[in-house]
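This is a predicted model, so every value here is computed, not measured.
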Amino acid sequence: MKTRKLLLALQQRNNARLTELRGQLERNEVPAEDLEAVQAEVQELANQAQEIADELANLDEGDQGGGGEDTGSGEGDGEDRGGNSESEEGNEEGDDEGEGRSAISGEQRSAIMTQIGKGLSTRGHKSTKKREQEVRSAFANFVAGKITETEARSLGIEAGNGSVTVPEVVASEVITYAQEENLLRKYGSTHKTKGNVKYPVLVKKADANVNKKERAASNPISETTIEFDEILLSPAEFDAIATVTQKLLSMSDAPIETIVIDELKKAYVRKETNYMFNGDDAGNENPGALAKKSVKYYETIPVDVTAAGYSQKLYSQLVKLKGQPVTEVLKKSMWIVNRAALTILEDMTDTTGRPLLHQDATDGVGYKLLGHKLDFTDAADGDDSTKPVFYFGDFKAFHIQDVIGGMKLQKLLETYASTNRVGFKIYNLLDGQLVYSPFEPAVYRYEVGATKSGS
């Protein structure tokens with residue numbers, strides 16, 4: 001409350017000064033010599049007026065009293081009346097002083113008066129953060145059945161036909177959570193597109209010709225053999241369902257918006273992560289998934305992590321795996337491993353007895369292995385989660401297409417009515433594939449103990 005009173009006092013003082021300057025301009029009391037100073041003062045007062053109005057608009061509802069802006073406007077009106085009385089008292093003095101000074105032009109006076117008018121009529125704008133909070137809350141309250149479709153639309157929510165478009169602030173929150181849980185979003189390349197369109201990714205298929213001799217009439221420049229292969233990212237439909245009990249939704253003091261959005265995030269990200277890493281969902285297979293498209297590396301010497309002396313054998317295989325990518329890819333490469341691999345690495349040492357895994361806090365990644373960053377996730381598991389799995393390469397080659405505005409939500413009432421629950425189905429359009437030139441494989445996969453089929 002004290003903050004609000006202070007801001008109102010500042011607003012009144014600001015408006016009073018602007019009104020005073022307006023009165024002086026109306027009475028033609030501002031000489032041309034003072035024009036620049038008056039313009040600077042008016043601009044500064046107008047900026048202050050906007051800042052004060054914004055602060056008042058963004059105060060918490062508990063601090064807001066009635067008639068904040070009206071108070072400022074009323075003060076300006078009062079100053080108008082005061083300005084008029086001052087005009088009568090100062091007419092004679094203004095006439096005496098004005099004889100020796102040059103007056104400003106009507107165009108200049110009009111420009112300053114317009115600026116003063118804007119300053120006096122300033123209205124506050126809610127901050128982006130506060131507006132996002134309102135949209136987020138409106139979205140959650142709508143899907144929880146606390147506000148009507150009409151009320152939701154008035155708050156900026158696009159709803160209709162039983163579904164609602166997930167607002168950008170909530171969609172970005174889901175994607176941010178996905179980036180934390182889905183390492184391919186974190187380290188891959190994301191492309192945002194409007195509409196369900198195919199997104200092309202070009203990869204080099206061959207090199208250009210080289211000619212060391214001077215060109216002559218009999219030796220013209222031939223067509224180069226550079227070709228490009230077009231890989232189309234085609235968005236697939238993603239949906240996931242999260243359920244919340246009717247009892248929970250009926251609890252007025254429960255943070256419904258947080259509960260609903262958190263459940264949606266978890267349900268959606270599990271589906272998305274598996275699609276990008278493994279792509280083995282029945283009827284929704286992804287041939288460009290990391291596990292399918294990465295180049296398989298097989299051991300030159302069998303490694304049994306349960307046998308004594310495995311450490312140096314595995315170390316040797318990891319060094320050879322690191323040497324697989326071409327130099328251009330190697331410089332941008334990192335490791336992604338599963339939890340089983342991380343556990344093994346934490347207990348390994350190099351040939352000098354130093355820990356093989358180094359702690360590293362730069363770039364938000366906690367480990368380094370053989371000079372390259374390392375991150376871990378359960379999504380990297382193979383068929384057997386106890387077997388260590390290592391991915392090594394440039395994960396920027398994993399391309400993800402996000403369709404702007406493609407995330408929608410549908411409330412399912414009848415489906416779960418018999419169990420007193422409400423279902424929320426989240427729907428999105430996206431695709432994710434590992435794309436690289438056959439001459440420059442981007443990512444290699446090594447599963448300890450795996451053997452090549454037929455060997």
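Contact of the D381 side chain with the V389 side chain is not registered, since no non-hydrogen atoms from C-beta on lie closer than 4.5 Å. S294 is listed as a side-chain neighbour of L434, based on a closest heavy-atom distance under 4.5 Å. In this structure, the side chains of T273 and L183 stay at 4.5 Å or more apart for every pair of heavy atoms. For the pair M113/E26, a side-chain contact is recorded, criterion being any heavy-atom separation below 4.5 Å from C-beta on. Side-chain contact between L345 and L374: present, with at least one pair of heavy atoms (C-beta onward) separated by less than 4.5 Å. Contact annotation: the side chain of V443 never approaches that of K293 to less than 4.5 Å [non-hydrogen atoms, C-beta and beyond]. In this structure, Q324 and V295 have side chains that are not in contact, with every pair of non-hydrogen atoms separated by 4.5 Å or more. Considering only heavy atoms from C-beta on, K322 stays 4.5 Å or farther from F390 through its side chain.
A cation-pi geometry, defined here as NZ or CZ lying under 6.0 Å from the six-membered ring centre and within 45° of its normal, does not hold between K186 and F395.
Rounded to the nearest 0.5 Å, atoms CG (L356) and CD (E346) are 11.5 Å apart. Taken to the nearest 0.5 Å, the CD atom of Q433 stands 10.5 Å off from the CE atom of M276. In this structure, D34 CG and Q39 CD are separated by 11.5 Å, a value rounded to the nearest 0.5 Å. Going from atom CD1 of I112 over to atom CD of Q43 covers 11.0 Å, rounded to the nearest 0.5 Å. The distance from the OG1 atom of T19 to the CG atom of L45 is 10.5 Å, given to the nearest 0.5 Å. Distance OG1/T327 to CD/E440: 10.0 Å, rounded to 0.5 Å.
Shortest non-hydrogen contact noted between V329 and S333 is O-OG, 2.7 Å. Here the shortest heavy-atom pairing between A340 and T386 reads CB-O, 3.6 Å. Residues P388 and N338 share a closest heavy-atom pair of CA-OD1, 3.7 Å. Taking all atoms of both residues into account, the shortest heavy-atom contact from G279 to A289 is N-CB, 3.7 Å. The two residues R17 and E41 make their nearest non-hydrogen contact at NE-OE2, 2.6 Å.
Enclosure of atom CG in D347 is not indicated, since only 12 or fewer non-hydrogen atoms of other residues, nucleotides or ligands lie within 6.0 angstrom.
A salt bridge is absent between K292 and E285; no separation between the charged side-chain nitrogens and carboxylate oxygens falls under 4.0 Å.
Note: H191 and H399 have parallel aromatic rings, judged against thresholds of 30 and 60 degrees for the angle between ring planes. Ring-plane geometry between F277 and Y391 is classed as perpendicular, the angle between the planes exceeding 60 degrees on a 0 to 90 degree scale with a lower cut at 30.
A donor-acceptor pair under 3.5 Å is formed between the side chain of N286 and the backbone N or O of G432.
Shown are N182, L184, I336; of these, the side chain to side chain contact (heavy atoms under 4.5 Å, CB included) with T377 is made only by I336. Of the options F392, F376, Y446, a side chain to side chain contact (heavy atoms under 4.5 Å, CB included) to V337 is made by F376 and by none of the others.
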Verdict with supporting geometry, N15 and Q11, side chain to side chain donor-acceptor pair (under 3.5 Å): CA-CA 6 Å; N15 286 351; Q11 187 182 59; 5.0 Å; no
Residue pair R13, L10: steps toward the side chain to side chain contact (heavy atoms under 4.5 Å, CB included) verdict: CA-CA 5 Å; R13 186 187 306 171; L10 290 171; 4.3 Å; yes
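One side chain, D431 or Y275, offers a donor N or O that lies under 3.5 Å from an acceptor on the other.
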